[in-house]
Amino acid sequence: MSHSFNAYALVKQAIAQLEEKLLKRTVRINERACNVDALVGGRVLKTFCSNDYLGFANHPALVAALSEGAQEHGVGSGASHLISGHSRAHDLLENQLARLQSAHIPHARALFFSTGYLANLTAITSLIGLANKGEAHIYSAALNHASLIDGVRLASAQHQASVTVFDHLDLAELEGALIKDTSPLKLIVIDGVFSMDGDLAPLHQLLKLAEQYDALLMVDDAHGFGVLGENGHGILEHFALHSERLIYIGTLGKAAGVSGAFICAEDSFIEWVIQKGRPYIYTTATPPAIAHTVSKSLNLIEGIEGKARRKHLNELIKLWNQEMAFSSWEKIHSLTAIQPIIIGSNANALLASKLLDEAGYWIPAIRPPTVPEGKARLRVTFSANHTMDDVKKLIEVLQKIESSMLVGDAA
Ligand SMILES: *Cc1c(COP(=O)(O)O)cnc(C)c1O
């Protein structure tokens, strides 16, 4: 008998190839609650890599809210939202989330999801499902998050939508494509803050294009919600945008410090998602205790504590932008808590990350396919729990490591 297909042998071979290309990733165990100090393999590491921008992930008030929520609602929801899993806590949270975007989206209504990944899949496929087959055209920014890319792929496979990938720094190219487009349904999809570069999408111009060419604009604000805008409402507040063409996606596991995500849009679209959004319908509702905890986090975000933390975070970012300079590495210009340093090769990015680890810092090397080939990087992120001194020390350590690697090259 011949063995024509041996899946596990192929798996081993494929993993060996990843290892060879320095693309194999590893999971590390942190023995502590998420904060700026982690305990990994018996060593304490200063972390500059989480998305816990406001330092809420281990906030005592939120820890208390989660147990309070569990006392009141139990630990599981028991069913999907359309069966019996939708609780009072979910309803309150959705109303609160809608209120945060109501200055920007007319008739705003919000829908809560267990993850941003699911929210993105749902928003894109539900919207594109409105068009007849082949009559929708999606414009997707090249550096979009994987969950948007997968949502676009799924929508395009299900509904034969056309897809144009555009460079968010070259809107002339985008406009050139929109001018010629006669599709009844046009959607522009974009990250609000680019997750691996830290820059903001030019939403003013994009909204103008959306209005001019009759398109909708979907913004994934995973890294802006909680941190951008005077009240932490996110990128729409930051740019003071207002339009019925906006579909907003916020996530709740980053600055909000908990878990989950939401779509916020004009109420009729949300009603449509409830009817037709498969990843919304066919999944168990998030535990109500989580919704209860997120509600408390929103209060913190909007309150004086949120304001103070955003102010401190911005001071850390300012310090970094003033003091951090490299001779061979490239610091990408960013005004957000995401501060990438392009190293180039996978090998050098891994070496820099290893040297940082030896110096007591946790900053992983981000490699393809998360970032383009040859653009491997260190993605430094700040949290309001970092001190000014933490940032100063990090700058010194990075400069030392860069020079030691330069010397290494010359030798
Ligand atoms: C993290 C992230 C997501 C996914 O959100 P989860 O809640 O972690 O699933 C989506 N979009 C962007 C831009 C992200 O950075």
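Counting starts at 1 for both ligands and their atoms, in listed order.
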Thinking salt bridges, do Arg153 and Asp150 make one under a 4.0 Å N-O criterion? yes
Can you tell me which portion of Ala261 lies within the under-4.0 Å heavy-atom range of ligand 1? Options are side chain, backbone, both, or neither. neither
With a cut-off of 4.0 Å, which atoms of ligand 1 are near a heavy atom of Asn120? 10 (C), 11 (N)
Nearest non-hydrogen protein atom, atom 6 (P) of ligand 1: Gly116 N, 3.3 Å
Are the aromatic ring centres of Phe382 and Trp320 under 6.0 angstrom apart? yes
Before giving the answer on side-chain contact (heavy atoms from CB on, under 4.5 Å), spell out for Gln212 and Glu175 the whole-Å C-alpha distance, their side-chain angles and the decisive distance to 0.1 Å. CA-CA 10 Å; Gln212 199 169 345; Glu175 183 164 17; 3.9 Å; yes
Report, in ascending order of atom number, the atoms of ligand 1 lying under 4.0 Å from any heavy atom of Ala222. 2 (C), 11 (N), 12 (C), 13 (C), 14 (C), 15 (O)
Taking the six-membered ring for Trp and the full ring for Phe, Tyr or His, determine whether the centres of Phe166 and His168 are under 6.0 Å apart. no
Check each atom of ligand 1 against the heavy atoms of Asp191 and keep those under 4.0 Å away; list them by number with element. 13 (C)
heavy-atom search around atom 14 (C) of ligand 1 in the protein gives Lys254 NZ, 2.8 Å
Look at atom 11 (N) of ligand 1 and say which protein heavy atom is nearest, naming residue and atom and giving the distance to 0.1 Å. Asp220 OD2, 2.5 Å
Using a strict 4.0 Å cut-off to heavy atoms of Ser147, name the atoms of ligand 1 that fall inside it. 10 (C), 11 (N)
Do NZ/NE/NH1/NH2 and the carboxylate oxygens of Arg88 and Asp91 come within less than 4.0 Å? yes
Per-atom contacts, ligand 1 versus His223 - under 4.0 Å to a heavy atom: 14 (C), 15 (O)
For the aromatic rings, using the six-membered ring if either is Trp, is the centroid distance between Tyr280 and His81 under 6.0 Å? yes
For Thr251, which part has a heavy atom under 4.0 Å from ligand 1: side chain, backbone, both, or neither? side chain
Could you identify the single nearest non-hydrogen protein atom to atom 3 (C) of ligand 1 and state the distance to 0.1 Å? His145 CE1, 3.4 Å
Please check if atom NZ in Lys208 has more than 12 non-hydrogen atoms from other residues, nucleotides or ligands closer than 6.0 Å. no
Test of understanding: given a 4.0 Å heavy-atom threshold, classify the contact between Val193 and ligand 1 as side chain, backbone, both, or neither. neither
Ion pair Glu396/Lys400, N-O distance below 4.0 Å: no
